[in-house]
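Structure first, commentary second.
Lettering follows sequence order; numbering is per chain, from 1.
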Amino acid sequence: MMSRHAIRLAIVILAFILLPGCAHYTVNDRSQNFDATSGYRFDALDRSELNSDSLFVCLMFSGGGTRAAALSFGIMESLSETVIRVDGQDKRLLDEVDCISSVSGGSFTAAYYGLFRERLFEDFEGGFLERDVQGALAGRLFNPVNWARLASPYFSRIDMAAELYDRDIFDSATFEQLQRNGRPFVILNATNLGVDRRFDFTQEYFDALGSRLDSYPVSRAVAASSAFPFLLTPISLKNYPLAEGYNAPWWYKGAIRPASWTSERYNAAKNLSVYLDKENRYIHLMDGGLSDNIGARSVLNAFDRGFIRTRINEGAIRQLVLIVVNARTQSEDQLSRSEKPPGFFTVAAKAGTVAMDNYSYDSVTKLREALYTRVQTQKNDQACAALMFQQCPKAPEPVVFAADIDPYVIEINFEQASQIPGEKPRYYLDMPTSFTLSKEQVKKLVAIGPKLLKAAPQYQCMIKVLAAEAESKPRPEECPVGAGIFP
Amino acid sequence: MSKEYLVALFPRKRRVLINGQFMGTTNTKLELESGVYEVTLGPPLNFSPEKFEIDLRNTASLMPLMIEFTEAK
């Protein structure tokens, strides 16, 4: 007869053999019927009485762990304390925020606000920013109870991280709650490792996956957005057959033509076609920072062919305000002062960051150029109309846009801390990318955000123009249209 | 990033549909990416032709592609 000890040992061994087979990541649900008017997409979201389309505000929160989450939190506090008057109505600038596109650390702030709104200002600082999230993750990882689950090929460190976020931060909320809350539209960005392209957690992408986003946990989207390579593992999604009645987005139709391969519309269509190809049965997602560490590309897409473009052409947008919260760091250049060439680890670290830093810079430049091109087009049209009126008063008037827009691109970054008395940029630029920062670091990050925002000349212009409009005064001379981009 | 320009002419103000998406109104200038689109108008269906297939390229803001719908009798 077997001893009690032997029986216990057999049970433990059996459990270790069987449990891995049980552990599986949360699978996204299949969609049966396509409905372009519902789901987590911009046009399906309600907006509050205080949110107008005429002042259209999008925020971009970069990656950078808790550093990025704290900086973006400080900006949210500042927006909530800034009172403006639009169409005769007093409101907070925060009430006018229409979309937030976020990456990695910034996704925690974006998703938390999207789900819990004012609670962000009550418990996010203590509940997330000042918390040792990294330690909590390590604690789970080193807990022997979890080892059997981790032995499963379908359950990994990222699933454990997502469970932690789900339980401790996001209260098991799904995208259905984000949808119910209405604007702002929160775009959580990740990277598809299969095709090295950006992926965002919106119903438009999930439509192409034949899947429903409303039942998917927000925590898993945030985990994908912040799945730092090597430390964490990918989040996986299932690519189902298309739902009954699927209709591709309007800009997709006719976009993939060999003659158009140089256009961005073609590139965007190729991106979506990855999911329409049902041979790609699974999608594996990692940190959004691998494909766009600023979150600017999804806003550029909306400007080129999405919800911003339709509203510009409808003439609904008067002021278009894009605020980029960039928590990028930059170590002091010691290499250029040394005769000795950099070693293996320095070169490896640079290889991992140089391309992305340059891409991020280009993304913000692209935003500025796209909006400034519109300003120049409007100015050319106005100049032409004035000249025609002067030279050929009987000529028919040229056809104009439904409305001219007054754009603003406001970038917040640590280098600008040099403009603020008593602040040293180096303190922030040397801060690590981590999900554990000291209370003092968090406090300083939260405090610097509003100062950087208020010091930005583009932001100052926006506030002056809104105030002048509210009082029916002429536009301030120092803020012509375009000064919101290049002051 | 570069944009092209389109004007759908019609005797009345009517919503314009680009590939089935509402996108501004008739007799105003629309700014779009280059490429192939199907352009039609919103209801009522009292216009002709039913739709235009256009290849939007080589336009300028001051020289948009002009397409004209007429009121069907």
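Identified by a heavy-atom distance below 4.5 Å to chain A, the contributing residues of residues 34-43 of chain B are B:S34, B:G35, B:V36, B:Y37, in residue-number order. Interface with chain B: from residues 200-211 of chain A, no residue qualifies, criterion being any non-hydrogen pair under 4.5 Å. Proximity to chain B among residues 398-407 of chain A is limited to A:V399, A:V400, A:F401, A:A402, judged by heavy-atom separations below 4.5 angstrom.
Chain B forms more heavy-atom pairs under 4.5 Å with one residue of A:N247, A:T377, A:I312 than with any other, namely A:T377. In terms of heavy-atom pairs under 4.5 Å with chain B, the best-connected choice from A:R257, A:R265, A:K253 is A:R265.
Atom CG of A:N358 has more than 12 neighbouring heavy atoms from other residues, nucleotides or ligands inside a 6.0 Å radius. For A:K379, the NZ atom is densely surrounded, since the number of other residues' heavy atoms within 6.0 Å is greater than 12. For CD of A:E397, the number of neighbouring non-hydrogen atoms (other residues, nucleotides, ligands) closer than 6.0 Å is 12 at most.
A pairwise comparison of heavy atoms in B:R57 and A:S260 identifies NH2-OG, 4.3 Å as the closest pair. Closest of all the heavy-atom pairs between A:W250 and B:L32 is CH2-CD2, 4.1 Å.
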Verdict with supporting geometry, B:K3 and A:R309, side-chain contact (heavy atoms from CB on, under 4.5 Å)
CA-CA 11 Å; B:K3 295 289 184 290; A:R309 174 56 44 195; 3.3 Å; yes

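Interatomic distance, CZ of A:R374 versus OG of B:S61, reported as 8.5 Å (0.5 Å rounding).
Remark: A:F486 engages A:Y372 in a ring pair (Phe, Tyr, Trp, His ring centres under 6.0 Å) (not counting sequence neighbours).
Formation of a donor-acceptor pair under 3.5 Å by the A:N313 side chain with backbone atoms of B:E31 is found in this model.
Note on A:E314 versus B:R15: salt bridge recorded, some NZ/NE/NH1/NH2 to OD/OE distance being below 4.0 Å.
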